[in-house]
Number of protein chains: 2
Amino acid sequence: MLDATSSYKPTGSRSSPYETGQSIVPETTRRADRLPGNRYGNRPTMKDVAARAGVGLKTVSRVVNGEPGVTPDTERRVQEAIEALGFRRNDSARVLRKGRTASIGLVLEDLADPFYGPLSRAVEEVARAHGALLINGSSAEDPDREQELALALCARRVDGLVVIPAGDDHRYLEPEIRAGVATVFVDRPAGRIDADVVLSDNYGGARDGVAHLIAHGHRRIGFIGDMPRIHTAAERLRGYRAAMRDAGITVEERWMSLGATNPERVRRAAQEMLSGPDPVTAVFTGNNRVTVTVIRVLAEQTRRVALVGFDDIELADLLQPGVTVVAQDAAALGRTAAERLFRQLDGTLLVPERIELPTRLVTRGSGELPPAD
Amino acid sequence: MLDATSSYKPTGSRSSPYETGQSIVPETTRRADRLPGNRYGNRPTMKDVAARAGVGLKTVSRVVNGEPGVTPDTERRVQEAIEALGFRRNDSARVLRKGRTASIGLVLEDLADPFYGPLSRAVEEVARAHGALLINGSSAEDPDREQELALALCARRVDGLVVIPAGDDHRYLEPEIRAGVATVFVDRPAGRIDADVVLSDNYGGARDGVAHLIAHGHRRIGFIGDMPRIHTAAERLRGYRAAMRDAGITVEERWMSLGATNPERVRRAAQEMLSGPDPVTAVFTGNNRVTVTVIRVLAEQTRRVALVGFDDIELADLLQPGVTVVAQDAAALGRTAAERLFRQLDGTLLVPERIELPTRLVTRGSGELPPAD
DNA sequence: CTGAAAGCGCTTACAG
DNA sequence: CTGAAAGCGCTTACAG
């Protein structure tokens, strides 16, 4: 069955992105030899099946797609040819002809962040329910990389795009959207274009969380958040300010620290506001990564410092004290966004909308500690 | 610019998987109206660009791909046409002609499991470095769904497949592998086919973890793991048995419990081995989900019970006591698998191999507790 | 330096 | 019930 001249390279793959050089491995041990000899290593096509079954191309297409109008006998012959040849329909070719690719793209920040796991799973579930595949990639919080990825997905002609923005200018997507690519932004709003957006109530959640600390007697409350150019960070800071203002508390500059969420920076920021003559008695942390680091810093303190964090974290209930958080529903964010995407696709959606999902305050102990002084 | 008869549906998309019915929305407010009027809502093609620039198709192709042999003046005219039309090359069509799709598939168990986040990120990073996109999906631990997904990815003609198996029979992939689809299994071995496999040293890791408990004086040690049909669960149980045997301890049936990792089942299993006349004094947990539940159960006990868990978990160091674990390097698993995939693709790889990555015992307190009796 | 023709593997529209 | 022809949007191989 094997053709000695068969090559593992599909015809014309010389410029494949993967090729790094010539192999010097003896031909006899190469995986290449596993390839069937038909057509220089290529797979059988409908044409091959048609030839073998002695029928026309269209008849094979009918059988493969389960269309009616084929006699049982013809169908059997085609099926046999399919089996014998190991034919599998090339959906890329199919899709080129049909117009839609039944795939959607997801551009997120970092797959390894526990917040995005449930979100992407939810997007995937909805895609699956609509018969679509998910192509995804991470921007690593880099606006250029976000754009590069989103446009690469558009070039693959995904039917729609779910984007967790890293950048704040998405005008580069305008031609794509006009050309029919359904687009929904999640977690953070789109920048400078009019598009569907699904967000958590970052402002209200932070405000409630901080108000909770105030209700337990705190006045000197710190805020440690992500870089201010990130929308969620700015909104949560705004919520913090609002709660403080509502309580008649004048916020001091040194109580607030926005910046990268790497442990070193967060640790320094926390230590600064916890030292000096009038240290904060409570901290509000702006996201899960910040919360985790601050928990570590607080564990080293002799004083008891209250803490409320934005985003829930695993095992938060088992720490001493349990960690009080403002929880977002990451799965609901993903699900809502994906469902909206498919409603755009089936044409039932009209004008871009901004959807805000509520947050939930989960009290576990750390947010109910009284001020230490 | 807008053609009043333009429709948002690409030609022939009647049978699109997304279409659920006819919209009754007035035409004037439909997103459809955003589409340019060229070709019934379709996007401009190279042919359109060529016509507008007054050049041949091949010249447009040259410009788009940055190939040499185009005069600056011609190139400028083509570029202008591209801008004016909002042309973006259809990579699906390109790929159909070129043979390889520059995309790989990832079939995993559950994107929302914190173990798989870093693993998929690592796969994605390697794919990106090789200019490939990642298409992924979850099997939800269902062998049929794994197969359906893997074959759908093959029908899309991914160049390669990274599979975290749910099932134990992968002969269904044989025709695909023969046809040239590079394939690597991670975390669990392939079933009934010869293929590249990248695993953690589940047996050795579990054996060392249990030996650690024995070294701290324990003899009645429980094991709670995942369903026995899952390879990692079986291997870890084997490691447990080996450590016990090496220490001359006869294992009692009631010390071992394998099954689904939902909290209810695990909780019951833990409670059973912790009660009765001769309760276990230590527990070895078979994965991160089991560990988390068992930590909760142990927190409710009056007695101090030692614990070593397979898989690291976030905040494990902040619990009281800190949780001692056998840590796997999820990112290294993903990276190794993806790199092997691309080495298959560039032809430098020969025979399928089984690669085992070491685990690491991280002592934090819970595994060093002495027996309570 | 430039372009017309053929082809990648399917589906569509049409004719028998 | 069946199939030949044209076309989806590109690239390849070739000729000027």
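Between the CZ atom of Arg88(A) and the P atom of dG9(C) there is a distance of 16 Å, given to the nearest Å. One atom, CG of Asn65(A), and another, P of dC10(C), lie 10 Å apart when rounded to the nearest Å. In this structure, CZ of Arg89(A) is placed 17 Å from C1' of dC8(C), rounded to the nearest angstrom. Between the P atom of dC8(D) and the CG atom of Asn90(A) lies a distance of 18 Å, rounded to the nearest Å. In this structure, NZ of Lys47(A) is placed 12 Å from C1' of dC10(C), rounded to the nearest angstrom. The separation between Leu96(A) atom CG and dT12(C) atom P is 12 Å, rounded to whole Å. The separation between Leu57(A) atom CG and dT11(C) atom P is 9 Å, rounded to whole Å. dC10(D) atom P lies 9 Å from atom CG of Asp91(B), rounded to whole Å.
Phosphate proximity of dC8(D) to Ser92(B): absent, as no side-chain N or O sits under 4.0 Å from OP1 or OP2. Lys58(A) has no side-chain polar atom (N or O) that falls below the 4.0 Å cut-off from OP1 or OP2 of dT12(C). Phosphate contact (OP1/OP2 of dT2(D), side-chain N/O of Thr71(A), threshold under 4.0 Å): present. Taking only side-chain nitrogens and oxygens, Lys98(A) never comes nearer than 4.0 Å to OP1 or OP2 of dC8(D). Within the 4.0 Å cut-off from OP1 or OP2 of dG7(C), not a single side-chain nitrogen or oxygen of Arg97(B) is found.
The listed nucleotides are dT11(C), dC10(C), dT2(D); the one nearest the side chain of Thr59(A) is dT2(D). For Arg62(B), whose side chain is taken as the heavy atoms from C-beta onward, the closest listed nucleotide among dC10(C), dT12(D), dT2(C) is dT2(C). Checking dT11(C), dT2(D), dG9(C) against every side-chain atom of Ser61(A), the shortest atom distance belongs to dT11(C).
A pairwise comparison of heavy atoms in Ala182(B) and Leu345(B) identifies CB-CD1, 3.5 Å as the closest pair.
Thr183(A) and Glu176(A) form no side-chain donor-acceptor contact under 3.5 Å, judged by distance and modelled atom types alone. Residues Thr71(A) and Asp73(A) bring no donor and acceptor atom of their side chains to less than 3.5 Å of each other.
Considering only heavy atoms from C-beta on, His170(A) comes within 4.5 Å of Pro165(A) through its side chain. In this structure, the side chains of Gln344(A) and Val184(A) come closer than 4.5 Å at one or more pairs of heavy atoms.
Nucleic acid contact for Val95(B): none, since no nucleic acid atom lies under 4.0 Å from a heavy atom of the residue. No contact: Val64(A) has no heavy atom under 4.0 Å from any strand.
Nucleotide dC14(C): paired with dG3(D) (Watson-Crick or G-U wobble, both distances less than 3.5 Å).
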